[in-house]
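Below you'll find the structure, written out as structure tokens, and then a few comments.
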Amino acid sequence: MDPRAAKPFVTLDQTSVEQFAADVKYYLSLSPRQLPSRYFYDDLGSALFESICRLPWYTITRAEMRLLAAHGDSVFRRLPSLTHVVELGPGNGEKLRTLLQAASRRLGPIDVHLIDVSASALAIAAQNIENAGDVRVITHQATYDSGLRDALTQRTGRTLVAFLGSNIGNFDPPGASAFLQNIRASVKNGDAVLLGVDLVKSTDRLLAAYDDPLGVTAAFNRNLLVRINRELGASIDLDGFSHRAVWNAEQGRVEMHLVARTAQAIHVPHAHVDERLQPGETIWTESSYKYVPEQIDDLLESCGFNPTAQWTDREDGFALTMAEAF
Ligand code: AVJ
């Protein structure tokens, strides 16, 4: 069947309640206790994240949009005969739309592959990108790994893989390397990556971005508990946990935690979880690694990509880096 007949077409690969339950059980039993940050993004969590992006204290989104608008044309100039763009975790699609619209010459026809675990995010992103030029949007409801494999088997010509929004910050250093090496293994020489990465800045600014005065990030964090209650039949006392952001200078990351205000019991019937937390005990829910520009180049190079351009926003400390597979 001509894939152009169904547009956008969707590949199913949904995270199940069973997987969520298994992850909650496993990660809560670790020391220190954890919950994976990928579970932030249900409908409410995605809406809260979109609100975070509008907060005056969270500068990542605006800084990156400025860079994409200002330098998007340079990105495409460096990629003549581009035929495919793959974006991992497109969010609402506005970043990629801004990039595509920055091209001064006519692009296309271009196949745009969007990969995300959230069907609703994909639908919104696809809509936002479909009218950004001569593009055909193909969505993959999948994890990055399987979605990427899927998207790249359909590649015919030169490909750009975009990983924006400082999403790479959620990987620890070995994870970030493994992730980029996996991309490298799936692309060909001359294909490129575009990486948006938040930079190290003053502790005050880093903490304000992850512990905002309006409490939106706190709500985003505590929504994990809301999900466990609703989806796994638990009755965790939401008021029993407070939000905490920490700058871990040694590791170069902002950490988010949920802190038990008093002794807390976490009983999750569907996950066979029965944990007791001491007052002050924490659940580590996210790491957002921050980079210095040279670290980004080194990371890319060590993973088989040759950095060809880097644009930085000095005001908000953000870097957009382009690199070519060698
Ligand atoms: C979407 C992973 C880039 O780490 O800054 C925002 C998520 N967490 N506020 C980030 C997030 C708290 C965000 N990323």
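Atoms within a ligand are numbered from 1 in the order they appear, just like the ligands themselves.
- The aromatic rings of Phe163 and Phe179 sit tilted, their planes meeting at an angle between 30° and 60°.
- Between His113 and His84, the ring planes are parallel. Angles under 30° get that label, and only those over 60° would be called perpendicular.
- Looking at Gln310 and Ile296, their side chains come closer than 4.5 Å, going by heavy atoms from C-beta outward.
- Aromatic pair Phe326/Phe305: ring centres not closer than 6.0 Å.
- Taking a cut-off of under 4.0 Å to the non-hydrogen atoms of Asn170, the atoms of ligand 1 that pass are 2 (C), 4 (O).
- The cationic group of Arg261 does not satisfy the cation-pi geometry with Phe241, failing either the under 6.0 Å distance to the six-membered ring centre or the 45° limit from the ring axis.
- For the pair Asn170/Glu286, a side-chain contact is recorded, criterion being any heavy-atom separation below 4.5 Å from C-beta on.
- When side chains are defined from C-beta on, Thr217 does not count as touching Phe49, because their heavy atoms never get closer than 4.5 Å.
- The residue from Ser288, Gly165, Ala245 that puts a heavy atom closest to atom 4 (O) of ligand 1 is Ser288.
- Listed by number with element, the atoms of ligand 1 under 4.0 angstrom from any heavy atom of Tyr41 are 1 (C), 7 (C).
- Considering only non-hydrogen atoms, atom 9 (N) of ligand 1 lies nearest to Tyr210 out of Phe49, Phe40, Tyr210.
- Close contacts of ligand 1 with Tyr58, meaning ligand atoms under 4.0 Å from a residue heavy atom, involve 3 (C), 5 (O), 6 (C), 9 (N), 10 (C), 13 (C).
- By the 3.5 Å distance cut-off applied to N or O atoms, Glu286 is counted among the residues near ligand 1.
- Given atom 1 (C) of ligand 1, the protein heavy atom at minimum distance is Asn167 OD1, 3.2 Å.
- Neither the backbone nor the side chain of Trp57 has any atom closer than 4.0 Å to an atom of ligand 1 (non-hydrogen atoms only).
- Close approach to Ser166 involves these atoms of ligand 1, each under 4.0 Å from a residue heavy atom: 3 (C).
- Judged by the shortest distance from any of its heavy atoms, Tyr289 lies outside the 4.0 Å radius around the atoms of ligand 1.
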